[in-house]
Amino acid sequence: MTLILGLESSCDETAAALVDSERRILAHRVAGQEAEHSPYGGVVPEIAARAHVDRLAPIVEAVLADAGVTLAEVDAIAATAGPGLIGGVMVGLVTGKALAHAAGKPLIAVNHLEGHALSPRLADASLEFPYLLLLVSGGHCQLLLVRGVGDYRRLATTIDDAAGEAFDKTAKLLGLGYPGGPAVERVAKDGDPAAVPLPRPLVGSAEPHFSFAGLKSAVARAAASSAHSIPDLAASFQQAVVDCLVDRSRIALAVCPEATAFVVAGGVAANGAIRAALTDLAARFDKAFIAPPLWLCTDNGAMIAWAGAERFAAGLTDPLDAPARPRWPLDPAAETVRGAGVKA
């Protein structure tokens, strides 16, 4: 059995966790930054980085104390090395390097997206490779065939905004506050999802990718018209996102008969309407549907520790000069799509 300390600081959550190779989460803590970023309606990178500096060391100490473990008993240190806001990524990675060097432990530089991609295996020991993953978060919206640790085939990505980004921007347009995803979902419960005619970009097309920029712009125009209630706008927007995710996932499921399951991960996977629709889609293809617990969908240290455990078991560790990366695709060989640029 191995014990991994995981550190996460790629955006606006400062997190640490201790996870062992038997999938036991010995301790985990997360400190959000809603109060710091709410006045701006979104994450301010410099503010986020400074908050990570203030909070990460105390959180690491608290996690070790919660588990009754010393740093000497940890087998390796896993830290997010990207992608993400580079200031925050550097805080976590440098902290991980310092701990690894001081304790004489291996460092594992984890791709944040791999943390999300492997997190369902932390929650469900029966999940076997290969599986189809819908990775849907604030910065990314991708469909990937997860063939093994470090082995990913990207089937689709966003050509503009990510789904979570669209949720945040819609929440700001509607005056719902930050973070946008939970705010939109909460208000949408009181609205009519068919009340506002909104586009479903790329739905029905043969192109496998996602697009949400046009949907966001349509919400802005509908809100400016003052012809619809806020709950109806929120519900109609959420339904449009659901329809886009289902249609694109349908294409991926059709071309991946070898997938053992259909899996969703990332912050947007915490949305109840999205989970329900994807559950139904998986059933249509006779696939198991697997989603981590809600808390494991949003950024956390446990998924980084588990990705570290998976990589450590595969003999994959990193030197202390491992770089921090603002962009880091899971499938470097994937073809760049129109409009996607660095998000591919």
Side-chain angles (χ1 to χ4, degrees), residues 116 120 132-144 155-174 176 179-205 207-220 222-223 228-254 261-285 287-292 294 297-298:
H116 281 304
L132 179 65
L133 169 70
L134 172 61
L135 176 55
V136 56
S137 68
H140 299 269
C141 191
Q142 299 182 3
L143 283 157
L144 299 141
L155 304 172
T157 187
T158 178
I159 65 172
D160 41 58
D161 290 351
E165 188 178 356
F167 266 99
D168 285 340
K169 290 179 178 177
T170 292
K172 189 171 184 179
L173 284 168
L174 301 183
L176 300 181
V184 170
E185 183 179 13
R186 184 170 56 251
V187 173
K189 292 177 181 178
D190 297 322
D192 178 0
V196 186
L198 294 174
R200 273 72 169 159
L202 297 182
V203 167
S205 73
E207 182 174 358
H209 303 297
F210 299 90
S211 173
F212 295 102
L215 173 58
K216 175 198 67 181
S217 299
V219 171
H228 308 283
S229 71
I230 297 300
D232 282 353
L233 278 166
S236 297
F237 163 78
Q238 180 174 263
Q239 187 59 51
V241 173
V242 167
D243 293 346
C244 291
L245 295 177
V246 167
D247 184 72
R248 307 290 86 192
S249 298
R250 173 187 56 78
I251 294 175
L253 281 163
F262 180 38
V263 177
V264 64
V268 180
N271 181 284
I274 290 173
R275 282 190 176 224
L278 296 177
T279 300
D280 291 342
L281 177 65
R284 282 161 46 193
F285 281 84
K287 298 289 186 185
F289 177 71
I290 296 175
L294 298 183
C297 288
T298 53

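Considering CG of D190 and CG of D232, their distance stands at 10.0 Å, rounded to 0.5 Å. Atom OG1 of T158 and atom CG of L143 lie 11.5 Å apart (nearest 0.5 Å). Rounding to the nearest 0.5 Å gives a distance of 10.0 Å between OG of S137 and CD of E165. With rounding to the nearest 0.5 Å, the separation of CZ in F167 from CZ in F212 is 8.5 Å. A distance of 9.0 Å separates OG1 in T170 from CG in L233, rounded to the nearest 0.5 Å. Note that OG1 of T298 is 8.0 Å distant from NE2 of H116, once rounded to the nearest 0.5 Å.
R248 contributes a side-chain N or O that, together with a main-chain N or O of L202, makes up a donor-acceptor pair within less than 3.5 Å. One N or O on the side chain of H209 and one on the backbone of T157 form a donor-acceptor pair closer than 3.5 Å.
Listed here is the closest heavy atom pair of D161 and A213: OD2-CA, 3.8 Å. Smallest separation of non-hydrogen atoms from F289 and A282: CB-CB, 3.7 Å. For the pair L281 and R250, the tightest heavy-atom approach, listed with the atom from each and the gap, is CD2-N, 3.9 Å. Scanning all heavy atoms of the two residues, the minimum distance from P199 to A240 falls at O-CB, 3.9 Å. Taking both residues in full, the closest heavy atoms of D192 and S236 are given as O-OG, 3.2 Å, listed atom of the first, atom of the second, then distance. Contact detail for A162 and G138: the closest heavy-atom pair is CB-O, 3.7 Å.
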Handout entry: Check against side-chain contact (heavy atoms from CB on, under 4.5 Å), L144 and L155
Key = CA-CA 5 Å; L144 299 141; L155 304 172; over 6 Å; no
Practice task
With side-chain contact (heavy atoms from CB on, under 4.5 Å) as the test, would you mind laying out the steps for L215 and F237 before giving the verdict?
Solution key: CA-CA 8 Å; L215 173 58; F237 163 78; 3.7 Å; yes
Practice task
Using the side-chain contact (heavy atoms from CB on, under 4.5 Å) rule, take Q239 and D243 through it: C-alpha gap first, then chi angles, then the decisive distance, then the call.
Solution key: CA-CA 6 Å; Q239 187 59 51; D243 293 346; 2.9 Å; yes
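For D247 and R200, the salt-bridge test fails: no basic side-chain N is under 4.0 Å from an acidic carboxylate O.
With a 4.5 Å cut-off on side-chain heavy atoms, C141 and L245 count as touching.
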Show me, pair by pair, the donor-acceptor contacts under 3.5 angstrom made by side chains of residues 262-277, not counting sequence neighbours?
{"unit_1": "N271", "atom_1": "OD1", "unit_2": "A273", "atom_2": "N", "d": "3.0"}
{"unit_1": "N271", "atom_1": "OD1", "unit_2": "I274", "atom_2": "N", "d": "2.9"}
{"unit_1": "N271", "atom_1": "ND2", "unit_2": "Q238", "atom_2": "OE1", "d": "2.9"}
{"unit_1": "R275", "atom_1": "NE", "unit_2": "A269", "atom_2": "O", "d": "2.6"}
{"unit_1": "R275", "atom_1": "NH1", "unit_2": "P292", "atom_2": "O", "d": "3.3"}
{"unit_1": "R275", "atom_1": "NH2", "unit_2": "P292", "atom_2": "O", "d": "2.5"}

